[in-house]
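Reviewing the structure listed below.
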Amino acid sequence: MMAFVQWCVLLLSVAAAISVNADMTVDCNPDSVMVVWTEHKPHVDMSLFRLGSCYPTRVTAREVVFNVDFNECNFKKLVTASTLMYFSELLFISSPDSHVLPHSHLVVCEYERPKDYYPEIYEPVFSTYDTENLIFNMQLMNDFFSGPAKSTSFTLGSIIPIMASVRQASHQPLLLLLEECEASSTPDQRPGSSFHTIINNKGCLVDSKESRSKFEPRQKSSELRLSLQAFKFASGEEVFLHCTLVAWEPSGLDHTKKACHYVKDQGWESLDTPYSSLCDCCESTCKSRRTRSLTSAKHGIAHKVMLGPLQITDF
C-alpha cells in the first residue's frame, strides 16, 4: 500500500510539472497506449523525445506522438491486490548544443486487476549494460528491408540495402551506430590494397556527398538501415565491406557518436537529431568533448564486422 501511495504522489508531481510548459495526454488501451506531448516552448526539437527505447510514431513542430504496445518501449508491469499497472518514461534527450535540458516524465496505464490474473513467480532483473553478450549483425536486405537479399550482385548506380543490428535482450536499450566503413577487394584489410571509403570521421557517410546513399529512418534504436548506392569499384570482382559498429547509450550522442549523411542543397544532417550541430564537423575532424572510454561497459562497445562478398557490375 505504501508503494502505491508513493506512485500517486509521483504522478501528481509529474502532472504539476508538465502543466507549466507542455501538455501530455495518455490514452490507455487494453494492450497498447497512445502518448501525445504538446510543447509550448519555442525552438524545441521534438524528434529528441523517446518513450523508453522507442522513437516517435509521428513528429510535428510542436507535437510528438507515440502509439505503441506494452511489450515495447521498456514498459514494466506492477501488480497489486486490485490493480495492474504498466509504466515507462517519456524522455527528452538533449543534444550538446540544445538550450533545453534533458528531462523525463512518467507514463502510466492502470487497470483493474483481472480476477484470473496471476503474475509470474520469477521475473529476472538484468544489469544495465552487460556488453559481453551483445550480438552484432550486418546483412544485405531486400528493397523493403523486410528480409534478406536474394542476390549479392548489384548493378552500378542501384541501391544496396544494408541493415546492421545488435541483439540486446538483457540490456538497457542501446543506440546502434556505424562509426567507420570502407569497401575492399579483399576479405581482410591488407596494407596497400585498394579501398573505397563509405563512412569515416566517426559516423559521417561521406559517400552520400557524391551519390544517393543515405541512412533510412530508424524503426528501432538497435537497428541502423543504410541505402548505399552501388559505386564504381573493383567492377566485376568480389567486394567486401569492412565496418565498425558501435552500440552506445541513446543519451550519449556527441560529435564522435552520431549517424550523419549529406542532403543535397541542405548540407550534413544527423539521423537521430536532425536540427543539431553534431554533423558540422564532417567537413573537418570530429572530436569529442567527453572523456568517456569507448569500450567502457557502462556506456557502450565497438565491434568490427565484414560483409561480403558482393559484386558490382556495369550492367
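Positions are given from 1, in the same order as the sequence printed here.
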Validate the cation-pi geometry between Arg167 and Phe136: distance from NZ or CZ to the six-membered ring centre under 6.0 Å, angle to the ring axis within 45°.
no
Do you see a donor-acceptor pair shorter than 3.5 Å between the side chains of Ser213 and Asp207?
yes
Determine yes or no for a side-chain-to-main-chain donor-acceptor pair under 3.5 angstrom, with His255 supplying the side chain and Leu278 the backbone.
yes
Could you tell me the separation between the CD1 atom of Ile160 and the CG atom of Leu226, rounded to the nearest 0.5 Å?
9.0 Å
Side chains of Glu238 and Leu310 in contact at under 4.5 Å (non-hydrogen atoms)
no
Should Ser222 and Ser165 count as side-chain neighbours, where that means a heavy-atom distance under 4.5 Å?
no
With no hydrogens and no angle check, do the side chains of Ser184 and Thr186 hold a donor and an acceptor under 3.5 Å apart?
yes
Lys258 NZ to Thr256 OG1 distance, which is reported to the nearest 0.5 Å
7.0 Å
Within 45° cone and under 6.0 Å: Lys209 NZ/CZ vs Tyr262 ring
yes
Answer yes if the side chains of Thr197 and Glu182 hold a donor-acceptor pair under 3.5 Å, and no otherwise.
no
Got more than 12 heavy atoms from elsewhere within 6.0 Å of CZ, Arg58?
no
For Lys202, is there an ion pair with Glu179 - N to carboxylate O distance below 4.0 angstrom?
yes
Would a distance-only check, ignoring hydrogens and angles, find a side-chain to backbone donor-acceptor pair under 3.5 Å from Thr57 to Asn67?
yes
Is it true that a side-chain atom of Asn142 and a backbone atom of Ser146 form a donor plus acceptor pair closer than 3.5 Å?
yes
Electrostatic pair Asp272-Arg218, nearest N-O below 4.0 angstrom
yes
Can you label the angle between the Phe70 ring and the Phe75 ring as parallel, tilted or perpendicular, going by 30° and 60°?
perpendicular
Within this structure, what is the CE-OH distance for the pair Met85 and Tyr111, rounded to the nearest 0.5 Å?
11.0 Å
For the residue pair Leu176 and Leu245, establish whether any side-chain heavy-atom pair is separated by less than 4.5 Å.
yes
Closest non-hydrogen atom pair between Asn200 and Glu180, with its separation:
CA-OE1, 3.0 Å
Within the 3.5 Å criterion, strictly below it, is a donor on Lys304 or Thr244 matched to an acceptor on the partner's side chain?
yes
Is a side-chain donor-acceptor pair under 3.5 Å present for Asp23 with His40?
yes
Heavy-atom donor-acceptor pair, Thr60 side chain to Glu63 backbone, under 3.5 Å:
yes
Parallel, tilted or perpendicular: which describes the rings of Phe49 and Trp37, with under 30° parallel and over 60° perpendicular?
tilted
Whether Thr273 side chain and Ser270 backbone form a donor-acceptor pair below 3.5 Å
no
Has Ser32 got a side-chain atom pairing as donor or acceptor with Asn29's backbone, closer than 3.5 angstrom?
no
I'd like to know if the side chain of Glu72 and the backbone of Asp69 have a donor-acceptor N/O pair within less than 3.5 Å.
yes
Got more than 12 heavy atoms from elsewhere within 6.0 Å of CE, Met34?
no
In terms of heavy-atom contacts, Leu178 and Phe215 come closest through CD1-CE2, 4.3 Å
What I'd like to find out is whether the side chain of Asp27 reaches to under 4.5 Å of the side chain of Val33, using heavy atoms alone.
no
What orientation do His196 and Phe231 show, parallel under 30°, tilted 30 to 60°, or perpendicular over 60°?
parallel
Donor on one side chain, acceptor on other, Ser53 and Asn74, under 3.5 Å:
yes
Check whether Glu89 reaches the backbone of Leu106 with its side chain - one donor and one acceptor, N or O, closer than 3.5 Å.
no
